[in-house]
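Report on the following structure.
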2 protein chains.
Amino acid sequence: MACTETDTKEHIFKIAAQLFAEKGFNGVSMRELSEQSGVSKPTIYYYFGSKEGIYRALLEAGIEHTQADVARIRALNLSVHDELVVIIKEKFRDCREYPEFSKFFISVHMSIEKLTFINDFKQRSDEPMMKLEQLLQRGVESGEFRSDIDIKMAADLLGSTILFHIWRLMESKAANDSDQLAEKIVDTLCNGLRK
Amino acid sequence: MACTETDTKEHIFKIAAQLFAEKGFNGVSMRELSEQSGVSKPTIYYYFGSKEGIYRALLEAGIEHTQADVARIRALNLSVHDELVVIIKEKFRDCREYPEFSKFFISVHMSIEKLTFINDFKQRSDEPMMKLEQLLQRGVESGEFRSDIDIKMAADLLGSTILFHIWRLMESKAANDSDQLAEKIVDTLCNGLRK
DNA sequence: AGATGTATACCGAACGGTAGGTAAGGTTCT
DNA sequence: AGAACCTTACCTACCGTTCGGTATACATCT
């Protein structure tokens with residue numbers, strides 16, 4: 001989750017993530033970004049070309065990071081229940097490790113602000129939900145879950161709850177026990193409410 | 001879900017909801033709003049005082065509407081399972097009946113865009129989640145649900161999924177069978193996944 | 001060693017354009 | 001006449017972006 005370039009560029013990158021996350025694309029001005037990062041406006045243009053350029057760079061970095069995460073966890077070959085727990089734990093860990101970037105991604109994902117240039121990102125952001133469905137399907141096939149469950153619905157429940165908790169985690173800087181939280185989420189869904 | 005004033009005001013109100021929902025507060029200009037609603041800029045200022053004024057008016061109208069909904073449903077005295085289903089159905093119905101306003105509210109609720117003047121709205125928007133917790137608590141007390149369930153977690157699962165589905169409903173104008181969807185959501189949570 | 005050339009990293013000032021907002025003045029209705 | 005409603009014309013502040021430059025550093029030629 002980095003920019004792999006000079007210090008200055010990386011610094012701008014990080015501040016941009018913070019500002020965009022807080023105020024959205026249209027809420028941040030280049031002047032503000034330049035003041036907050038302590039460089040001149042032209043310097044930002046030197047590195048990123050345009051306002052849109054910074055935003056896109058942030059998106060790209062995030063997508064790459066997420067894809068790597070998912071592949072690594074899949075390779076561990078856990079039970080579905082455990083893989084779900086690990087996926088959620090890993091998401092929460094990212095939030096602690098890269099709060100600015102995590103906050104930025106969740107804001108992009110949530111915001112309705114229609115920015116024409118993030119359409120393909122939004123499309124790619126459906127992939128995690130598909131992965132969840134595949135995972136649950138595997139749970140049914142292996143006998144871990146009942147075969148009468150509605151996989152799409154369960155994936156929605158899970159996916160939206162993960163988003164929601166990341167969002168809440170990012171808003172209130174509370175030092176939650178996020179590992180326990182991850183287990184609770186999965187258990188609550190797996191066990192249901194009924195007697 | 002109305003403005004209870006003149007036609008012109010109501011018309012501006014509706015267009016504003018559409019635009020804010022699509023582009024966020026900072027993404028909409030007063031010029032655009034005036035062009036789209038077919039009145040001059042000063043007319044908008046005549047009715048709403050400021051850009052912030054329109055936004056606030058939309059928020060107020062929405063809060064009132066939601067509170068009325070919840071109270072009415074509570075008075076029906078249903079089982080917890082059924083009350084949950086009805087609440088969700090009612091939300092979905094609103095989305096069909098007042099798509100502009102529903103889309104606006106969901107966008108406010110979801111977006112991280114920090115607009116200082118909507119802080120008290122965001123605070124009040126926690127109330128529905130609290131209502132859900134109370135409802136689930138009632139379910140435990142009446143014996144409808146197991147006593148070992150994590151109420152907060154279940155409320156989060158449910159609340160975030162409702163938000164998510166409304167959001168999805170609003171994005172893809174698909175004519176979903178939302179009544180069936182409401183039942184599926186509640187059933188999936190109530191019955192769990194495990195064998 | 002010193003002069004010259006060139007690339008990188010940055011900045012102050014200014015561009016055309018648009019933002020939110022208003023002053024002043026017509027209509028229309030009562 | 002006066003209140004309610006709505007417009008044209010205009011304001012200032014700020015927007016994203018670019019221009020024209022500077023400082024440094026390293027390579028090349030003499």
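In what follows, every chain begins at residue 1, and chains take the letters A, B, ... in the order their sequences are listed.
B:Phe104 is linked by a ring-ring contact (aromatic ring centres under 6.0 Å, His included) to B:Tyr55, counting only residues two or more places apart in sequence or in another chain. With sequence neighbours excluded, the residues forming a side chain to side chain contact (heavy atoms under 4.5 Å, CB included) with A:Lys89 are A:Val85, A:Asp179, A:Ala182, A:Glu183, listed by chain and number. The side chain to side chain contact (heavy atoms under 4.5 Å, CB included) check on A:Glu100 picks up A:Lys14, A:Ala17, A:Gln18, with sequence neighbours excluded. With sequence neighbours excluded, no residue satisfies ring-ring contact (aromatic ring centres under 6.0 Å, His included) with B:Tyr45. A:Arg93 pairs by the side-chain hydrogen bond (donor to acceptor under 3.5 Å, both in side chains) definition with A:Glu90, A:Glu97, not counting sequence neighbours. Not a single side-chain hydrogen bond (donor to acceptor under 3.5 Å, both in side chains) links A:Asn77 to another residue, sequence neighbours left out. Residues passing the side-chain hydrogen bond (donor to acceptor under 3.5 Å, both in side chains) test with A:Ser160, sequence neighbours excluded: B:Thr161.
In terms of position along DNA chain D, the nucleotide closest to B:Thr8 lies nearer the 5' end than the nucleotide closest to the other residue of the pair B:Thr8 and A:Pro42.
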(request) Starting from the C-alpha separation in whole Å, work towards a yes-or-no answer on ring pair (Phe, Tyr, Trp, His ring centres under 6.0 Å) for A:His65 and A:Tyr98. (result) CA-CA 11 Å; A:His65 181 83; A:Tyr98 317 103; 5.5 Å; yes

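When DNA chain D is scanned 5' to 3' for any atom under 4.0 Å from a heavy atom of chain B, the first and last hits are D:dA4 to D:dT8. You can see that DNA chain C meets the heavy atoms of chain A within a 4.0 Å-exclusive cut from C:dT8 to C:dA14, reading 5' to 3'.
Evaluation of the salt bridge (Lys or Arg N to Asp or Glu O under 4.0 Å) test over residues 42-53 of chain A, restricted to residues two or more places apart or in two chains, returns A:Glu52-A:Arg56. A salt bridge (Lys or Arg N to Asp or Glu O under 4.0 Å) check over residues 28-39 of chain B, counting only residues at least two apart or in different chains, returns the pairs B:Lys23-B:Glu32.
Scanning residues 28-41 of chain A for heavy-atom distances under 4.0 Å to DNA chain C yields A:Val39, A:Ser40, A:Lys41.
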